[in-house]
Amino acid sequence: MISNPLRDPRDRRLPRVPEPCALVVFGITGDLARKKLLPAVYDLANRGLLPTNFALLGFARRDWGDEDFAELAREAARKAARTPWREEVWERLAGSVRFVQGSFDDDNAFDQLAATLGELEGTHGIGGNAAFYLSIPPAMFPVVLKQMQRTGMADSTSGRWRRVVVEKPFGTDLASSRELNELVDSVFTAEDVFRIDHYLGKETVQNLMALRFANELFEPVWTGHHVDSVQITMAEDVGIGGRAQFYEETGAARDVLQNHLLQLLALTAMEEPVEFSAEEIRTEKLKVLRAVSLPEDLRTFAVRGQYEQGWLAGQRATGYRQEEGVDARSTTETYAAVRLGVETRRWAGVPFYLRTGKRLPRRVTEIALVFKQAPHLPFADTDTEELGNNQLVVRVQPDEGVTLKFGSKVPGSVMEVRDVSMDFLYGEQFTEASPEAYERLLLDVLLGDATLFPRNAEVEASWAVIDPLEEFWAGTTPQPYRAGEWGPRAADEMLAAEGRRWRRP
Ligand code: BG6
């Protein structure tokens with residue numbers, strides 16, 4: 001690319017390309033690597049966002065050579081890439097794909113990995129820079145991290161950077177996440193640790209900040225003076241797929257409430273950051289997470305559910321307990337809903353209702369601000385019977401966009417006010433498709449931009465919210481709901497107890 005001397009280098013609209021580097025992936029045969037990471041690497045290459053001097057390294061136990069790994073990566077990328085397939089892009093990438101065989105407790109294999117990184121400095125000019133992606137079960141973290149420490153692979157020195165990417169779940173409770181954080185921090189320096197919460201990589205989630213802080217229209221009413229309640233929904237129509245073992249030990253609250261939903265809450269409730277930087281944004285999110293309160297009456301305001309056999313999109317769906325690999329008496333929840341508070345001046349008294357579930361009628365993630373009713377209506381009661389609360393809905397996925405719901409006069413000779421909606425759809429306003437969350441986040445790791453990655457204090461503050469919930473639920477059986485329904489009845493009763501209703505997205 002020809003550089004333009006008139007352009008300000010701080011201009012964030014310019015495509016940012018990382019310095020020469022290698023990406024090392026542990027767990028390359030896993031689901032995440034095949035479905036998300038390897039396709040994201042291809043998409044970045046296709047968009048010209050990888051440095052010319054780049055190498056992709058896989059580490060696994062299989063008895064493979066470089067070509068076998070290159071073939072797996074090619075297949076994975078072809079299957080799931082977002083951008084069109086261009087053989088010449090792949091050919092260029094394939095020349096810098098390396099594979100190192102070994103198990104995590106094998107000292108020789110890690111020595112070999114360190115040596116391969118060294119060689120790549122000479123052959124591919126990666127400049128000693130490397131990001132290590134731990135796409136492996138958390139139980140494996142200690143041994144891998146210790147190997148990296150032993151071989152000196154984790155050391156960022158003046159001439160090079162070394163970064164580590166940690167996938168959720170970050171522990172299973174506050175105590176274990178502290179342990180994990182201490183371990184990671186003992187091997188890598190804090191600014192070299194990237195904790196991935198892929199919801200933060202979604203375009204619409206980032207748009208929350210643009211919507212709030214780039215406009216005059218919304219922020220003045222974005223407070224408890226005008227907002228009656230907030231509903232954050234992450235609904236999935238899928239079940240647990242092939243992840244029975246992981247899911248049995250985890251459940252909906254640990255799987256997504258602790259991370260994705262609380263991060264959405266933090267972005268919704270936070271104050272304006274002093275500047276748009278990793279440090280300031282993360283500081284504001286942390287303040288919110290520390291201010292989150294649980295309801296006193298958990299019996300009414302915290303609900304967990306488990307799907308039973310039902311129907312979804314005209315197909316019979318198996319019940320959770322009948323899924324392969326699931327205990328027939330399992331008490332793991334596949335649905336969780338809770339009413340939280342945010343104890344700040346802006347949000348005092350406003351309930352934040354969070355819910356998530358598998359095998360719900362459709363896949364939808366949204367944040368809805370439900371406003372108070374107008375303090376006075378100068379109409380006859382009958383004129384406004386069809387008028388609900390104003391709502392501002394940020395649709396994270398699918399149909400990414402924003403909807404504003406408000407009252408309007410029905411055409412005709414009488415006065416009648418009814419709800420209407422005004423829609424902004426990404427697909428209609430922009431020609432460029434949004435990057436995949438992993439594409440964006442991988443690029444940020446290579447660029448060293450931590451804005452969209454939670455700090456360990458955020459992770460710990462989130463566990464401090466979840467731990468008491470899990471304690472309360474321990475030993476109880478989740479409430480049943482049929483696959484294809486919007487969760488257990490108790491979740492509806494939870495809102496009804498305060499005269500409210502869930503949105504039906
Ligand atoms: C993951 C959870 O973090 O997010 C999965 O572990 C869930 O259980 C997934 O299905 C949903 O991600 P997305 O991007 O498809 O909404």
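- Heavy-atom contacts from other residues, nucleotides or ligands closer than 6.0 Å to CZ of Arg150 number more than 12.
- Counting only N and O atoms by type, the side chains of Arg440 and Gln206 include a donor and acceptor under 3.5 Å apart.
- Annotation: the span from Leu211 atom CG to Leu267 atom CG amounts to 12.0 Å, rounded to 0.5 Å.
- Counting non-hydrogen atoms of other residues, nucleotides and ligands closer than 6.0 Å to CZ of Arg329 gives a total of 12 or fewer.
- Judged purely by distance below 3.5 Å, without hydrogens or angles, the side chains of Arg304 and Gln479 never pair a donor atom with an acceptor atom.
- Checking side-chain atoms of Arg363 against main-chain N and O of Glu236 turns up no donor-acceptor pair under 3.5 Å.
- Dense packing is recorded around CZ of Arg500, with more than 12 heavy atoms of other residues, nucleotides or ligands lying under 6.0 Å away.
- Of the inter-residue distances, the one linking Ile28 atom CD1 with Tyr133 atom OH reads 14.5 Å to the nearest 0.5 angstrom.
- Tyr481 pairs by the ring pair (Phe, Tyr, Trp, His ring centres under 6.0 Å) definition with Tyr335, not counting sequence neighbours.
- The two atoms that bring Ala130 and Leu117 nearest to each other are CB-CD2, 4.1 Å, heavy atoms only.
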Stepwise salt bridge (charged side-chain N to carboxylate O under 4.0 Å, His left out) test for Arg16 and Asp449: CA-CA 11 Å; Arg16 293 178 297 161; Asp449 182 345; 3.3 Å; yes
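- The CZ atom of Phe406 sits 8.0 Å away from the OG atom of Ser421 when rounded to the nearest 0.5 Å.
- In this structure, a donor-acceptor pair under 3.5 Å is absent between the side chains of Glu485 and Tyr307.
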Test salt bridge (charged side-chain N to carboxylate O under 4.0 Å, His left out) applied to Glu366 and Arg395, step by step: CA-CA 4 Å; Glu366 62 164 43; Arg395 274 190 319 279; over 6 Å; no
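- The line from CZ of Phe246 to OG1 of Thr250 is 3.5 Å long, rounded to the nearest 0.5 Å.
- Proximity of a side-chain donor or acceptor of Glu460 to a complementary backbone N or O of Ala457 within less than 3.5 Å is not detected.
- Side-chain atoms of Asp399 and Tyr426 form no donor-acceptor pair, as typed in the model, at a separation below 3.5 Å.
- Between Val465 and Val338 there is no side-chain heavy-atom pair separated by less than 4.5 Å.
- When ring centroids are compared, Phe276 and Phe213 stay outside the 6.0 Å threshold.
- Salt bridge status for Glu271 with Lys287: absent, with no side-chain N to carboxylate O gap under 4.0 Å.
- No hydrogens or angles considered: nothing links the side chains of Glu167 and Ser135 as a donor-acceptor pair under 3.5 Å.
- Across all non-hydrogen atoms, the minimal contact from Met234 to Thr365 is CG-OG1, 3.7 Å.
- Within the model, atoms CD of Glu436 and CG of Leu441 stand 10.5 Å from one another, a figure rounded to the nearest 0.5 Å.
- Within the 4.5 Å cutoff, the side chain of Gln231 has heavy atoms near those of the Trp502 side chain.
- Cation-pi geometry between Lys202 and Tyr199 is met: the NZ or CZ atom falls under 6.0 Å from the ring centre, inside 45° of the normal.
- When all heavy atoms are compared, the tightest approach of Gly224 to Val350 is CA-CG2, 3.5 Å.
- Ring orientation note: the planes of His198 and His260 are nearly perpendicular, at an angle over 60° on the 30°/60° scale.
- Here Leu340 contributes atom CG and Leu294 contributes atom CG; the two are 6.0 Å apart, rounded to the nearest 0.5 Å.
- Residues Arg355 and Thr233 bring a donor and an acceptor atom of their side chains to less than 3.5 Å of each other.
- Counting heavy-atom neighbours within 6.0 Å of Arg489 CZ, excluding the residue itself, gives a total of 12 or less.
- Under the 6.0 Å distance and 45° angle rule, Arg345 does not count as a cation-pi partner of Trp347.
- In this model, no donor atom of one side chain and acceptor atom of the other lie less than 3.5 Å apart for Asn389 and Asp228.
- Residues Glu458 and Gln263 have side chains that bring a donor and an acceptor to within less than 3.5 angstrom of each other.
- A donor-acceptor pair under 3.5 Å is formed between the side chain of Asp173 and the backbone N or O of Ser176.
- Of all heavy-atom pairs between Ala235 and Leu360, the closest is CB-CD1, 3.7 Å.
- Glu498 and Tyr353 are linked by a side-chain donor-acceptor pair at a separation below 3.5 angstrom, with hydrogens and angles left out of the test.
- Partners of Glu248 under the side-chain hydrogen bond (donor to acceptor under 3.5 Å, both in side chains) rule, at least two apart in sequence or in another chain, are Tyr320, Ser330, Thr332.
- A side-chain donor-acceptor contact under 3.5 Å links Ser156 to the backbone of Arg162.
- For Arg339 (side chain) and Pro295 (main-chain N/O), no donor-acceptor pair under 3.5 Å exists by modelled atom type.
- Side-chain contact check for Asp155 and Thr157: no donor-acceptor pair (N or O, by modelled atom type) lies under 3.5 Å.
- For Asn181 and Arg195, the side-chain atoms include at least one donor-acceptor pair closer than 3.5 Å.
- In this structure, the side chains of Lys405 and Asn390 stay at 4.5 Å or more apart for every pair of heavy atoms.
- Side chains of Arg321 and Gln306: a donor on one and an acceptor on the other come within 3.5 Å.
- Side-chain contact annotation: Thr300 with Asp297, donor-acceptor N/O pair under 3.5 Å present.
- Here the side chains of Thr268 and Leu369 are in contact, with some heavy-atom distance below 4.5 Å.
- Minimum interatomic distance between Pro398 and Val364 (heavy atoms only, all atoms of both residues): CD-CA, 4.0 Å.
- Of the charged side-chain nitrogens involved, at least one lies within less than 4.0 Å of a carboxylate oxygen, so that Arg455 and Glu279 count as a salt-bridged pair.
- Side-chain contact between Phe132 and Leu23 is absent, with no heavy atoms from C-beta onward closer than 4.5 Å.
- Side-chain contact of Asp423 with Thr403: a donor-acceptor pair under 3.5 Å is present, judged by distance alone.
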Candidate pair Asp255 and Arg243, rule salt bridge (charged side-chain N to carboxylate O under 4.0 Å, His left out), full reasoning: CA-CA 12 Å; Asp255 185 29; Arg243 300 196 306 161; 3.8 Å; yes
Glu219/Arg212 under salt bridge (charged side-chain N to carboxylate O under 4.0 Å, His left out): CA gap, chis, key distance, verdict: CA-CA 6 Å; Glu219 201 52 18; Arg212 293 189 55 196; 2.8 Å; yes
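- No donor-acceptor contact under 3.5 angstrom links the side chains of Asp106 and Ser103, judged on distance only.
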